[in-house]
Amino acid sequence: MTVVLPDGSERSLQSGATGMTLAAALGRRLAAKAVAAEVDGELVDLGRRLEDRAKVRIVTADTEEGRAVLRHSTAHVMAQAVLALWPGAKFAIGPSIRDGFYYDFELPGGAHFSEEDLGRIEAKMREIVADAQPFLREEHSVSEGLELFRDQPYKREIIEGVASASGAGVAGGAAKVDAELEGEAGSGGAVSAYRNTESFVDLCRGPHVPATDRLGHFKLTRVAGAYWRGDEKRQQLQRIYGTAWESEKALADHLQRLADAEKRDHRKLGAELDLFSFPSEIGSGLAVFHPKGGLVRLLMEDYARKRHIKAGYDFVNSPHITKSELFETSGHLEWFAEGMFPPMELDEGQRYYLKPMNCPFHILVYRSRQRSYRELPLRFFEFGSVYRYEKSGVVHGLTRVRGMTQDDAHIFCTREQLSAELISILTFVLDLLRDYGLDEFYLELSTRPEGKAIGSPEDWEEATAALRSAGELMDLALVLDEGGGAFYGPKISVQARDAIGRTWQLSTIQVDFQEPQRFGLEYVGADNQRHVPIMIHRALFGSVERFFGVLVEHYAGAFPTWLAPVQVRVLPVRDDNEDYAAEVLAELRRAGLRVDTESAGEPLGTRVRRGKLEKLPYILVVGAEDVAGRTVGVNVRGGEGAQRGVSLQSFIEMVVEEAAGPARRPNASAVGRRA
RNA sequence: GCCCGGGUAGCUCAGCCGGUAGAGCAGCGCACUCGUAAUGCGCAGGUCAGGAGUUCGAGUCUCCUCCCGGGCUCCA
């Protein structure tokens with residue numbers, strides 16, 4: 001028999017050959033790295049027999065596909081270990097995920113895992129790995145499967161779901177089986193399982209590595225609660241997360257990446273660099289900004305203001321609280337009440353709410369007088385503070401807070417203007433984000449949330465189409481987020497990738513046909529008739545707080561010169577250089593730079609070190625040798641050593657230019673283009 | 001909101017089986033006067049998150065509340 005390899009060449013094999021024999025025939029190193037095979041487009045076990053003329057690709061452990069296989073297999077081993085250590089435990093699902101895997105369990109007597117258990121489980125897992133147990137595939141009918149897992153209710157539920165989805169005739173199952181569960185069991189009326197020993201068998205579609213000794217570079221990372229099938233109304237299970245890699249080095253590299261990401265954590269840097277804090281007296285999710293953080297915010301906001309003026313926005317302002325009527329009209333109290341702080345009862349039963357959004361206020365500005373088509377589009381902008389009652393478990397640093405300031409704009413335009421306006425907003429948004437140093441993006445299109453939407457399907461259709469075509473013009477990948485829109489309209493969000501490859505949802509642009517109608521907005525058209533405008537909601541940073549946090553992590557706290565709270569620190573070598581240092585300081589300040597100094601009370605090395613730890617862009621050292629020639633010693637952030645005898649004038653010219661504003665990045669790259 | 005783990009000096013953390021609080025860094029003072037990532041000595045600093053309970057005695061054990069972290073759910 002022959003098989004066809006990925007490069008189109010053919011290979012003769014003895015009949016009965018498997019992926020494993022093919023890999024061995026192709027090379028010993030390949031065989032050592034092989035974890036599965038792709039046969040005619042389907043991922044299968046290496047032990048699966050190959051058919052004549054099959055197209056075969058060997059999947060190795062050092063690819064994302066291969067890692068997914070070995071992570072899934074490692075999850076099985078973990079389940080085997082847990083079931084051995086906790087007799088009577090029930091196990092649910094255990095997929096591979098980005099960088100690792102998890103498995104969900106229910107322990108006998110409602111017991112819970114603790115962090116200390118992880119070591120015991122890992123030790124048991126290593127025994128299983130050392131045992132080199134084969135992963136043997138079995139196929140069963142639905143009824144055999146139900147019998148095989150008679151003591152495992154979660155497995156039975158999965159089997160029933162698969163069976164009913166494929167019409168195999170088990171009554172009472174859900175009509176629809178989700179892909180996650182299907183991945184656990186297989187499909188098409190039969191269920192597959194993998195057996196490692198007489199006593200351990202797990203429902204699974206596979207594929208798996210040939211045997212447990214192909215695993216071993218793993219670490220269990222944390223325990224957590226997780227709802228069965230992701231439904232908070234159902235049983236809460238105990239989840240264990242782990243990571244697994246193809247080699248000890250890959251595992252170590254991954255752990256190092258985690259440690260590096262931890263060093264960039266904005267919550268940690270926020271305290272270290274004295275930027276902001278969350279005093280517990282104020283309450284969860286409510287930040288105060290310290291002078292340095294406050295200054296960075298100011299700089300961020302000022303630059304955005306300038307750009308908005310240039311882009312034709314009008315600046316408006318609105319209060320933080322309002323009578324309930326406003327949010328009754330807007331629909332927030334009907335659709336979003338659980339995200340709002342409870343009302344304050346004032347005189348005569350009047351209820352006031354903290355605002356969770358700015359849009360109704362901007363609508364009232366629009367409605368304050370009659371509008372003509374000649375004015376449109378009208379673009380109202382505000383740094384508007386909003387308050388949202390986020391559930392206690394979700395607040396997180398500056399990225400998920402209960403009080404925040406949105407850089408919020410609402411654009412009122414005609415239907416005819418909608419497309420052009422969306423394109424111009426998206427272009428503006430991306431351009432501005434690039435100025436803050438982010439340069440890799442993709443777009444996400446969120447569509448109508450079933451059952452949680454107001455307005456006609458036709459309007460949703462039109463709005464979604466307009467967003468889609470604007471998005472497609474941006475030369476960026478556009479991914480679909482089915483049902484992820486707001487209750488009043490679809491949106492496009494801009495996802496930005498930071499310096500270490502994580503993505504953050506930043507800007508959102510939403511089309512809204514509903515609110516203008518609810519508030520009875522209108523303009524007089526050229527035809528002398530009254531028309532309802534369309535509104536576009538647009539936040540660019542998302543929230544100032546969140547964007548601030550993202551920038552702290554992106555730059556690891558080392559803000560570019562134009563955003564750095566202190567740009568230059570001047571250090572006199574000895575205290576008899578302090579007069580000259582003061583002169584240098586004054587001159588820098590006259591040039592408009594943000595500067596400070598530290599007198600010579602401590603050794604120079606100590607002061608330089610402190611400046612480095614504060615991630616200052618420049619540290620100047622001035623001593624006796626600098627006075628005559630009016631020079632400085634320049635210590636550049638991130639640079640090696642120092643440059644001596646630099647003329648103060650040329651240093652000032654250089655830094656002033658750098659501090660003037662964002663560096664334009666002509667080579668800003670887009671994430672690969674895709675529809 | 002749910003599950004798990006936490007909260008000890010400004011920060012990072014130690015504090016055993018319940019016997020009355022400790023280090024390093026930071027801060028302040030003094031000395032040192034120094035050319036590029038930690039000078040020395042000294043001093044001060046605590047309602048052990050808050051409250052209640054058990055106990056002769058609670059940082060330590062129990063309960064409640066607040067806050068933080070990791071997840072789940074949620075994110076208009």
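No hydrogens, no waters, no symmetry mates; every other heavy atom, side chains included, goes into these values. In what follows, chains carry the letters A, B, and so on, assigned in the order in which the sequence lines appear, proteins first and then strands, with residues in each chain numbered from 1.
When each of B:C4, B:U36, B:G71 is scored by its nearest atom to the side-chain atoms of A:Arg644, the top-ranked nucleotide is B:U36.
B:G29 is paired with B:C41 under the criterion used here, namely a Watson-Crick or G-U wobble arrangement in which both key atom distances are under 3.5 Å. B:C66 is paired with B:G7 under the criterion used here, namely a Watson-Crick or G-U wobble arrangement in which both key atom distances are under 3.5 Å. Shown here, B:C13 forms a base pair with B:G22; the pair counts as Watson-Crick or G-U wobble because both key distances fall under 3.5 Å. B:U54: no Watson-Crick or G-U partner with both key distances under 3.5 Å is found in any strand. With a cut-off of 3.5 Å on both Watson-Crick or G-U wobble distances, the partner of B:C72 is given as B:G1.
Counting any heavy atom pair closer than 4.0 Å across all strands shown, A:Glu338 reaches no nucleic acid atom. A:Gly623 comes within 4.0 angstrom of a base, heavy atoms only. In this structure, A:Asp626 reaches the bases: a heavy-atom distance under 4.0 Å links it to at least one base atom across the strands shown.
Ring geometry for A:Phe381 against A:Phe383 counts as perpendicular: the plane angle is over 60°, on a 0 to 90° scale with 30° as the lower cut.
Take the nearest nucleotide of RNA chain B for A:Arg239 and for A:Val634: the residue whose nucleotide is more 5' is A:Val634. With the nearest nucleotide of RNA chain B identified for both A:Leu237 and A:Ala226, A:Leu237 has the one nearer the 5' end.
Each of A:Tyr102, A:Phe218, A:Phe101, A:Tyr103 was evaluated against A:Tyr241; a single residue qualifies, A:Tyr102, per the ring-ring contact (aromatic ring centres under 6.0 Å, His included) test.
Not a single donor-acceptor contact under 3.5 angstrom links the side-chain atoms of A:Arg234 to the base of B:C2. Counting distance only, with no hydrogens placed and no angle test, the side-chain atoms of A:Gln236 and the base atoms of B:C2 include a donor-acceptor pair under 3.5 Å. Contact of A:Tyr227 with B:G1 (side chain to base): a donor-acceptor pair of N or O atoms is detected under 3.5 Å.
Classification of A:Asp260 and A:Lys263 as a salt-bridged pair holds, one side-chain N sitting under 4.0 Å from a carboxylate O. Checked for salt-bridge contact, A:Arg267 and A:Asp265 meet the test: a charged N lies under 4.0 Å from a carboxylate O.
Judged by distance alone, the side chains of A:His537 and A:Thr508 never bring a donor and an acceptor atom under 3.5 Å apart. Checked by atom type, the side-chain pair A:Glu157/A:Trp228 shows a donor-acceptor distance below 3.5 Å.
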Interface polar pairs with nucleotides 24-33 of chain B, N/O, under 3.5 angstrom:
| residue | atom | partner | partner atom | Å |
| --- | --- | --- | --- | --- |
| B:U33 | O3' | A:Arg574 | NH1 | 3.2 |
| B:U33 | O2 | A:Asp575 | N | 3.0 |
| B:U33 | N3 | A:Asp575 | OD2 | 2.8 |
| B:U33 | O4 | A:Asp575 | OD2 | 3.0 |

Which protein N or O atoms sit under 3.5 Å from an N or O of nucleotides 63-69 of chain B?
| residue | atom | partner | partner atom | Å |
| --- | --- | --- | --- | --- |
| B:C67 | OP1 | A:Ser284 | N | 3.4 |
| B:C68 | OP1 | A:Ser284 | OG | 3.3 |
| B:C68 | OP2 | A:Ser284 | OG | 2.9 |
| B:G69 | OP1 | A:Arg267 | NH1 | 3.3 |
| B:G69 | O3' | A:Arg267 | NH1 | 3.4 |

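Distance check on atom C1': B:U54 versus B:U8 gives 22 Å, rounded to whole Å. Annotation: B:A23 and B:C63 have their C1' atoms spaced 33 Å apart (nearest Å).
Under 4.0 angstrom from either OP1 or OP2 of B:C72 there lies at least one side-chain N or O belonging to A:Tyr241.
In the displayed structure, A:Lys612 atom NZ is contacted under 6.0 Å by more than 12 heavy atoms of other residues, nucleotides or ligands. In the displayed structure, A:Arg234 atom CZ is contacted under 6.0 Å by more than 12 heavy atoms of other residues, nucleotides or ligands.
The backbone N or O of A:Pro572 lies less than 3.5 Å from no partner atom in the side chain of A:Glu578, so there is not a single donor-acceptor pair.
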- How far apart are the C-alpha atoms of A:Met654 and A:Tyr618, what are their side-chain angles, what is the distance that settles it, and do they pass the side chain to side chain contact (heavy atoms under 4.5 Å, CB included) test? CA-CA 12 Å; A:Met654 191 266 295; A:Tyr618 295 99; 3.7 Å; yes
- Message: Generate the contact string for nucleotides 7-13 of chain B. Rules: B means base contact, S means sugar-phosphate contact only, - means no protein heavy atom under 4.0 Å.
- Response: -------
